[in-house]
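In what follows, a structure is listed as C-alpha cells, so that the remarks can point back to it.
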Protein chains: 2
Amino acid sequence: MPTMAKAGKELELLKQHLAKHNLKLTRQREQILNAFLKMEHVTAEQLYHILSKKDPHIGLATIYRTLKLLCETGMAQERHFGSQTLFDNVAHKGHHDHLICTSCGKIVEFQNCQIEQLQEEVAAQNGFTIQTHKLELYGLCAKCRS
Amino acid sequence: MPTMAKAGKELELLKQHLAKHNLKLTRQREQILNAFLKMEHVTAEQLYHILSKKDPHIGLATIYRTLKLLCETGMAQERHFGSQTLFDNVAHKGHHDHLICTSCGKIVEFQNCQIEQLQEEVAAQNGFTIQTHKLELYGLCAKCRS
DNA sequence: CTTTCTGCAAAAGCTTTGCATTACA
DNA sequence: TGTAATGCAAAGCTTTTGCAGAAAG
C-alpha cells in the first residue's frame, strides 16, 4: 500500500525530529501537522481558526510552538509577505519560489532549475554552501496590468 | 562640479516625491535621508540611535514614517532577516541580492544579470511584469563551514 | 496663514513566556 | 512515575496612531 506509506512520510519525519530532541508526539502536534500539510501556506492565526473548530481549547501559543518545530524539520519555512508572516508548506511540492502581484495580492508558485543552478554558482564564488533560499518576484499580474 | 550634483541626486528624488504628494521637506527628513544613505542596510532602531546623538529629541515614529517614504521613492527596500526588519539602501549600489550565513550572520551582497534575466522569463511565462524582487541565499560561509 | 510634521505617549498588533495542570512514554 | 506539553493569561517587542504644539511653504 504505497498510498499509506506516502501519507505518513511527513509524520515520520516529525517523529524522528521529536525523538532526536527527546520531545513527545502529542495529539495537538499531530493535528497541527495534518492541517498544515493540507495548505500551500498559512498564517499562525489561520491555522488557529481552522483547528479551533475541531478542538475549541487549542491554544495559539501551541500553534506557534509547533510551527517552529515544523520549520526545524524543514517541512515548513517562514516567509514575510507585506505585514503577514506566512508558513510555507515545503514538504508538499518541494521547494518553490513566488510571484506576487502587488496590486491584487495573487501568489503564483514556480520552480526554475536554471536559476537554482546559478544560485549555486554565485554561492560557490563567495565561499558559501547554500542551505536554503528565498526568491520573491513582485509585480503586476496579467489582470491588474490591463 | 559633478561631485555635488551626484551628492544631491537622492535628495532630488525625495523632493520630487514629496512635491508630487503635497508633502514638505523637513529638517528631520533630510537628516534621516543622509544617515540612511551612508549605510548598506539599517534597522529603524539603529537609525534612531545614530540620529539621537545629533538631535536628542528626534522621535522613533518619525524614523518609521520617513523610512516608509524612502521605500515609496524606491531608494529603500524593506527586508526581513530572522526577526529583524532591515531597510536596504538600494540607491547606493543599485539593486543587489544577499548571501546570508546562518551561523555567524555575515551578509554578502551580490548581483547576477543572468539570474535577473531568467526571472524576467519566468514572470513573462506567468503573465507578470516584474516591479522588484528579493533573492536571499542562506547557508554557511567559508569560515563557518571549516 | 494654512497645511503638514513632529515628538510624545498611548495603543495595537503579533509572538513569546511563566506557570499550574494535563498528557505522553 | 518522571518529563515534557498544553492552555491560559500576562509580558515583550516592534510598529502605528492620536493629538497638541511647531514648522514648512
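Chain identifiers are assigned alphabetically (A, B, ...) following the order of the sequence lines, protein sequences preceding nucleic acid strands; residue numbering begins at 1 within each chain.
Residues from residues 46-58 of chain A lying near DNA chain D, meaning a heavy-atom separation below 4.0 Å, are A/H57, A/I58 in numerical order.
Where B/Q84 and A/L18 meet DNA chain D, the nucleotide closest to each residue was compared, and A/L18 sits on the side nearer the 5' end. If you find the closest nucleotide of DNA chain C to B/T62 and to A/S83, the one lying nearer the 5' end belongs to B/T62.
Axis angle between the ends of the helix from C/dC1-D/dG25 to C/dA25-D/dT1, five pairs each and rounded to 10 degrees, works out to 40°.
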Does the side-chain contact (heavy atoms from CB on, under 4.5 Å) test come out yes or no for A/I63 and A/F87, once each step is laid out? CA-CA 11 Å; A/I63 310 276; A/F87 291 84; over 6 Å; no
Candidate pair A/L51 and A/Q28, rule side-chain contact (heavy atoms from CB on, under 4.5 Å), full reasoning: CA-CA 9 Å; A/L51 292 168; A/Q28 289 89 335; over 6 Å; no
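In this structure, A/K15 contributes its side chain and A/E10 its backbone to no donor-acceptor pair below 3.5 Å. Without hydrogens or angle criteria, B/R29 side chain to B/L69 main chain gives no donor-acceptor distance under 3.5 Å. Under a 3.5 Å cut-off, the side chain of A/R79 and the backbone N or O of A/Q84 do not form any donor-acceptor pair.
Atom CD in A/Q31 sits about 14 Å away from atom C1' in D/dG7, given to the nearest Å. In this entry the distance linking CD1 of A/I32 with P of D/dG7 reads 8 Å, nearest Å.
With sequence neighbours excluded, the residues satisfying ring pair (Phe, Tyr, Trp, His ring centres under 6.0 Å) with A/H133 are A/H95.
For B/F128 against A/C101, the heavy-atom pair with the smallest separation is CE2-N, 3.6 Å.
Pairs of residues two or more places apart, or lying in two chains, that qualify as side chain to side chain donor-acceptor pair (under 3.5 Å) and include a residue from residues 43-71 of chain A are A/R27-A/D55.
Of the inter-residue distances, the one linking A/I130 atom CD1 with A/E121 atom CD reads 10.5 Å to the nearest 0.5 angstrom. The distance from atom CG of A/L37 to atom CG of A/L70, rounded to the nearest 0.5 Å, is 7.5 Å. Remark: B/L140 CG to B/K106 NZ distance equals 12.0 Å, nearest 0.5 Å. Between the NZ atom in A/K38 and the CG atom in A/L47 there is a gap of 11.0 Å [rounded to 0.5 Å]. Once rounded to the nearest 0.5 Å, the distance linking CD of B/E40 with NE2 of B/H96 reads 5.0 Å.
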What does the list of N/O pairs under 3.5 Å between the protein and nucleotides 16-23 of chain D look like, with a distance for each?
residue: D/dT16; atom: OP1; partner: B/K68; partner atom: NZ; Å: 3.4

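Here chain A contacts DNA chain C (any atom closer than 4.0 Å to a heavy atom, that is under 4.0 Å), and the contacts span C/dC14 to C/dA25 from 5' to 3'.
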